[in-house]
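Model, not experiment: these values are computed from the prediction. Below, each value reflects all heavy atoms present in this structure, side chains not excepted, and no hydrogens, waters or symmetry copies. So that the names make sense, note that chain A is the first sequence line, chain B the second, and so on, each numbered from 1.
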There are 2 protein chains.
Amino acid sequence: MTPVQASACCRPIDDLLDPELFKALSDPTRSRLLGCLVKCGCACTVSDVGECCAVDLSVVSRHLSLLERAGVVQSRKTGRTVHYVVDYAHLCRTMRAIADAIEQCCPAEQLPGCARGCCGAR
Amino acid sequence: MTPVQASACCRPIDDLLDPELFKALSDPTRSRLLGCLVKCGCACTVSDVGECCAVDLSVVSRHLSLLERAGVVQSRKTGRTVHYVVDYAHLCRTMRAIADAIEQCCPAEQLPGCARGCCGAR
DNA sequence: TGTATATTTGCATTATGGTGCAAGTACGCA
DNA sequence: TGCGTACTTGCACCATAATGCAAATATACA
């Protein structure tokens, strides 16, 4: 199977390798903000999360809303404060689904002990 | 625990949320090239992979070497051709490790049936 | 040794995205 | 109603990165 033929063949990995999700995680500041939220575990206000980083609060606001658009966190507005929480379940599910989808494409000879033979015939 | 306190507390997730890896996966062209390689399963030359995308071959070359620097693929030069292969094991391991690390931080109330109580005391 | 092929590198151009400041909006409270 | 707080948005600036073309490099082969 040539790369061209392979790319024409639809697999779960096609939808899972979503550049938007990875783009959301690709900035150091966002990474820090997310790590902060992940470890905190509770719903945090924009101002609170902002204290983890030495950037303007407007930057924090933009980063958090971008993370929300990417499905990484969720927001809830109460009064004039906005709380952000990590969507743990979605994130974990996505990461594991990516791993599964990649593994599904892995030729058998690279999976010691695996007899699936998904594409090991080559 | 405030976000600031949380961010000061080191967790496995800190090292796993590596912006460099995600940056490598955040470009649509690279995503396509990687998807092509993942589905193909075998070692492909730069030219072969390039046929999956409507970009200059020099662009393909640069993208593949960037993916290699990120640890996503590996290259092997034989003669004047360079073959790229996906590092399936590393990619899968990383994605699952991220999922595990995130789950480890997830408060108990968000993990139905989970009695770990990692940060559920709050 | 000369030529063709595979890939990389230099360079200029263009697009994208992160940042801070200032202003705007939304809301609670006196 | 006026003021303070929490957050968002508009805007300009700057850095980074994606791209294509042309040239360079590396290697195979006649």
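Among the nucleotides D:dA18, D:dC7, C:dT7, the one closest to any side-chain atom of B:V46 is C:dT7. The nucleotide whose nearest atom lies closest to any side-chain atom of B:V59 is, among C:dG17, D:dG20, C:dT8, D:dG20. With distances taken from any side-chain atom of B:L66 to the nucleotides C:dG18, C:dA26, D:dA18, the minimum falls on D:dA18.
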Inset, instruction - Could you check A:H83 against A:C44 for side-chain contact (heavy atoms from CB on, under 4.5 Å), going step by step and ending with a plain yes or no? - result: CA-CA 5 Å; A:H83 286 266; A:C44 302; 5.7 Å; no

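Below the 3.5 angstrom threshold, one finds a donor paired with an acceptor across the side chain of B:R80 and the base of C:dT5. Taking only distance into account, the side chain of B:R62 meets the base of D:dG20 through a donor-acceptor pair shorter than 3.5 Å. Contact annotation: side chain of A:S58 to base of C:dC21, donor-acceptor pair present below 3.5 Å.
Summarising the geometry, the separation between CG on A:D56 and C1' on D:dG10 is reported as 14 Å, rounded to the nearest angstrom. Per the geometry, CG belonging to B:L57 stands 14 Å off C1' belonging to D:dA22, to the nearest Å. The interatomic distance linking B:R32 (CZ) with D:dA18 (P) rounds to 17 Å, in whole Å. What separates NE2 of A:H83 from P of D:dT8 is a distance of 12 Å, to the nearest Å. Here the P atom of nucleotide C:dT5 and the NZ atom of B:K77 are 18 Å apart, to the nearest Å. For the pair A:R30 CZ and C:dT16 C1', the interatomic distance rounds to 12 Å; values are reported in whole Å. A:D27 places its CG atom 17 Å from the P atom of C:dT16, with the value rounded to the nearest Å. Rounded to a whole Å, the CD atom of B:E51 is 11 Å from the P atom of C:dA6.
Contact annotation: B:S61 side-chain N/O to C:dT8 OP1/OP2 distance is under 4.0 Å. Note on A:H63: a side-chain N or O is less than 4.0 Å away from OP1 or OP2 of C:dT19. The side chain of A:K23 places an N or O atom within less than 4.0 Å of a non-bridging phosphate oxygen (OP1 or OP2) of C:dG17.
Using a 4.5 Å cut-off on side-chain heavy atoms (C-beta onward), B:S65 and B:Y84 make contact.
The 5' end of DNA chain C is approached more closely, in terms of each residue's nearest nucleotide, by A:T29 than by the other of A:T29 and A:G79.
Here the closest non-hydrogen pair linking B:A99 and A:M95 is CB-CB, 3.9 Å. Summarising the geometry of A:G71 relative to A:H90, their closest heavy-atom pair is O-ND1, 2.9 Å, with the distance given to 0.1 Å.
Using a 4.0 Å heavy-atom distance criterion, B:S65 is classed as making no nucleic acid contact.
Put simply, the residue from A:I13, A:I102, A:L17 that forms a side chain to side chain contact (heavy atoms under 4.5 Å, CB included) with B:L34 is A:L17.
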